[in-house]
Each structure stands twice: as structure tokens, then as C-alpha cells.
Amino acid sequence: MTRLGIRIPREAPPARLVDLARRAERAGLDEVWVVEDCFYAGAIATAATVLAATESIAVGIGVLPIVARNPAIAAMELAALAELHPGRLLPGFGHGVPAWMKQIGAYPSSPLAALDETLTTVRRLLAGERVSMDGRHVRLDDVRLEFPPAVAPPLLVGVRGPKSLAVGGKRADGTILAEPATPEYVRATREIVGEEHTIVTYNWFALDEDADRARARVRKDLVAALTPSTEPHLRPLPFGGELLDLMRAGRTDELRDEWIDRLTISGPLERCAAAVDALHEAGSESVVLLPVLDEPFEDAISAAGELVRRR
């Protein structure tokens with residue numbers, strides 16, 4: 001069965017985290033996800049707070065920039081959370097937005113090498129191994145965690161390009177596909193990362209029995225997400241070429257209704273449930289719903305609960 005989750009937007013003030021996470025758990029969702037974008041709330045702190053405030057819901061981190069922390073420190077933090085809350089932590093790593101990483105003086109000379117070395121190191125440290133590495137980005141001398149977790153959490157990676165996906169397929173347990181994540185994008189990713197890899201998908205979410213109103217609700221956030229970095233998401237789609245041409249021409253206001261339906265989980269309950277099922281059939285083990293940003297987050301959690309009951 002597909003796991004259903006919801007992502008708490010970075011725009012949610014930290015003071016609201018506990019209430020929103022508890023609402024998600026009461027709604028029956030399997031997962032709640034927090035983010036780490038510059039310069040909002042830090043993901044380790046928010047994940048720790050959510051884990052401590054809830055009882056059983058899994059907590060995903062999507063994603064920690066690999067270059068923002070020394071990997072040994074990242075492993076220490078994740079090990080503590082995994083040991084304190086066994087089986088509930090889903091940590092993800094990614095490159096980080098280049099502009100932000102340059103802003104904090106952390107952009108690596110080789111992002112691919114940094115990704116490979118960080119994932120390798122963190123995985124080995126969480127497994128209780130003693131690690132030395134003299135890489136292009138990671139340099140550790142005889143490091144071993146004093147408190148490795150009894151059960152290491154799965155290591156996820158949130159990346160887009162084929163080279164980065166290939167690194168993640170070798171070094172991580174799963175991949176987080178950013179919004180919009182369609183069945184076609186899932187299948188294209190699966191060809192790169194392999195069959196044993198877990199895939200998590202993000203999509204904008206608006207449950208509404210009025211299909212036109214649902215499209216209007218998600219349109220703004222969807223259009224904002226359609227940037228050059230989303231080209232790998234769109235290329236596998238039958239209308240991908242046409243949509244990319246519109247994007248290059250700055251005409252995303254011309255999105256067709258049927259495109260919005262394919263690029264979001266929106267509309268009446270049965271349509272939303274069918275979209276979740278299609279992602280699962282394509283290979284997504286976890287479908288994470290993204291609330292519309294200018295709407296109450298509580299309403300999105302309640303609507304997600306309706307999807308849970310529909311399963």
C-alpha cells in the first residue's frame with residue numbers, strides 16, 4: 001500500500017510545527033515532512049521537535065544540503081534522532097540550491113563528488129563503522145560514532161539530474177522527487193536508480209469537488225515551481241516538449257487544464273485517489289502532498305485525511 005504523507009511548508013512558523021504535526025498524525029497520515037531551505041527553520045531542530053511531539057508518524061527531512069554540515073556532524077545528529085525515535089526517521093540529503101550554498105560560502109568545487117563522498121561517509125558512520133576519507137570534499141581521520149543507532153535509518157537523496165540520480169542510486173536507499181512528480185517521471189527515474197530503490201514523490205495538493213476550482217487553487221504554486229531545474233520532471237511527459245517551449249517563452253499562464261491535472265494531485269476525491277494510485281503503480285512507495293501555500297495548512301491536513309480514509 002502506498003504511504004501517504006504531507007509536507008509542512010517552510011513558510012510555517014516553527015511555533016506551529018507541533019500542532020500541525022499532531023494534526024497530521026491524528027488524520028492517519030503515514031509521514032510528515034519538514035524542509036531545510038535557507039534561511040528558514042533548520043531541519044534537524046524541526047524534525048527533532050516533531051518526533052518528540054508525536055507518537056508513531058514517520059518524519060522525513062527533505063532535504064539537508066550536503067555541504068552545509070560536516071558529514072560526521074550530520075551523522076551524529078541523525079544517529080541521535082534514529083536512536084531516540086527508532087523506525088520513524090527518513091533523512092534526505094541533496095546538493096542544496098547553488099545560489100544559497102554560494103551565499104554561505106559552502107558551494108563545492110565538484111557537487112557530484114561532494115554528494116558521493118557525503119552519502120558514503122554518513123551511511124558508513126550510521127552503520128557503526130570507523131571511517132577515514134581524503135576526498136575532494138570530505139576529509140575524515142579515523143572517525144567513529146560513539147552512539148551509532150541500533151537500526152540505521154534509510155538514507156534518501158533529493159536530486160534531479162541523471163548523474164546525481166545515478167550517484168544516489170548507488171549510495172542511498174531512496175530518492176525524493178521534487179514537485180511536480182508524475183508517473184512518467186517516476187518510471188524514468190526508476191530506470192536510473194534501479195528496482196530496489198525507494199522513491200518518494202512530492203506534488204501540490206488541492207482536494208475539491210469542483211475540478212475547475214481545484215485547478216485554480218494549485219495553478220499559482222505549480223507555475224512558480226516550473227523553473228529550468230524542473231526540465232527532467234517534464235521531459236518524459238507526452239506534452240513535455242510543448243510545456244518546456246511555453247516555459248522558455250515565459251508563457252506558463254497558458255497551462256492547459258489537462259496538464260494541471262497531470263502535474264498535481266487535485267480535484268474531486270476519486271481523481272486525487274486515482275492520481276495517488278497511478279504514482280504507486282509507476283513505482284512511488286510514498287506520496288507526499290504539498291499544501292497550497294496561501295491556504296490554511298490545517299485544511300490541507302484534513303483533506304489529506306480524506307484520502308487516507310479512501311484507501
Side-chain angles (χ1 to χ4, degrees), residues 1-12 14-35 43 46-62 81-82 84-92 151 153-154 156 174 176-181 183 186 198-210 214 217-218 221 264-293 295-311:
M1 181 181 294
T2 313
R3 294 176 61 84
L4 272 176
I6 196 162
R7 192 178 77 185
I8 297 178
R10 66 185 186 183
E11 290 82 3
R16 300 191 59 196
L17 279 173
V18 168
D19 176 62
L20 293 173
R22 286 175 174 167
R23 285 174 181 266
E25 186 167 58
R26 289 196 300 269
L29 289 161
D30 303 297
E31 301 168 0
V32 61
W33 287 72
V34 297
V35 298
T46 52
T49 300
V50 170
L51 284 163
T54 53
E55 296 180 1
S56 60
I57 196 168
V59 179
I61 298 175
L81 292 180
L84 290 168
H85 309 281
R88 296 179 56 203
L89 179 65
L90 303 169
V151 179
L156 308 177
I176 304 165
L177 297 182
E179 66 283 0
V186 173
T198 297
I199 292 182
V200 177
T201 47
Y202 287 173
N203 276 298
W204 298 110
F205 172 59
L207 178 65
D208 200 315
E209 290 307 307
D210 186 320
R217 288 171 54 194
V218 298
D221 291 341
T264 64
I265 297 176
S266 60
L269 179 60
E270 291 304 315
R271 179 184 290 175
C272 289
V276 171
D277 290 343
L279 285 165
H280 179 63
E281 291 168 6
S284 173
E285 288 88 352
S286 173
V287 175
V288 180
L289 308 170
L290 278 54
V292 177
L293 291 178
E295 297 180 2
F297 306 143
E298 296 87 347
D299 292 351
I301 293 171
S302 296
E306 293 188 44
L307 265 184
V308 171
R309 293 188 290 275
R310 167 61 178 72
R311 287 193 294 188

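Quick caveat: nothing in here was measured; it's all calculated off a predicted structure.
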Minimum-distance pair of heavy atoms, taken over all atoms of Phe205 and Val292: O-CG2, 3.6 Å
Separation of Trp33 CH2 from Arg7 CZ (nearest 0.5 Å): 10.5 Å
Please list, one pair per line, the donor and acceptor atoms closer than 3.5 Å that link side chains of residues 273-282 to other protein atoms, with sequence neighbours excluded.
from   : atom 1 : to     : atom 2 : distance (Å)
His280 : ND1    : Thr2   : OG1    : 3.0
His280 : ND1    : Ser284 : O      : 3.4

Results of salt bridge (charged side-chain N to carboxylate O under 4.0 Å, His left out) for Glu285 - residues two or more places apart only: Arg190
Which atom of Gly62 lies closest to which atom of Ile176, heavy atoms considered: CA-CD1, 4.4 Å
For Trp204, all residues meeting side chain to side chain donor-acceptor pair (under 3.5 Å), sequence neighbours excluded: none
Close side-chain approach of Leu207 and Cys272, heavy atoms under 4.5 Å: yes
Heavy-atom side-chain proximity of Leu307 to Leu289 below 4.5 angstrom: yes
Cationic tip of Arg16 above Phe297 ring, under 6.0 Å, 45° of axis: no
Where Ala21 and Val50 come nearest, the two heavy atoms and their spacing: CB-CG1, 3.6 Å
Spatial distance of atom CG (Leu84) from atom CG (Leu51) [nearest 0.5 Å]: 9.0 Å
Those residues that, when tested against Asp299, pass salt bridge (charged side-chain N to carboxylate O under 4.0 Å, His left out) (two or more places apart): none
Closest approach of Leu89 to Pro153 (non-hydrogen atoms, all atoms of both residues): O-CB, 3.6 Å
Heavy-atom side-chain contact between Leu90 and Pro154 under 4.5 Å: yes
Nearest heavy atoms of Glu298 and Asp19, plus distance in Å: OE2-OD2, 4.4 Å
Separation of Thr46 OG1 from Arg10 CZ (nearest 0.5 Å): 13.5 Å
Under 3.5 Å donor-acceptor, Asn203 side chain and Ala181 backbone: yes
Any side-chain heavy-atom pair of Asp208 and Ser266 under 4.5 Å: no
Which residues share a salt bridge (charged side-chain N to carboxylate O under 4.0 Å, His left out) with Arg26, sequence neighbours left out: none
Side chain proximity check, Leu29 to Leu4, heavy atoms < 4.5 angstrom: yes
Note, Pro9 side chain near Leu293 side chain (heavy atom, < 4.5 Å): yes
All salt bridge (charged side-chain N to carboxylate O under 4.0 Å, His left out) counterparts of Arg88, not counting sequence neighbours: none
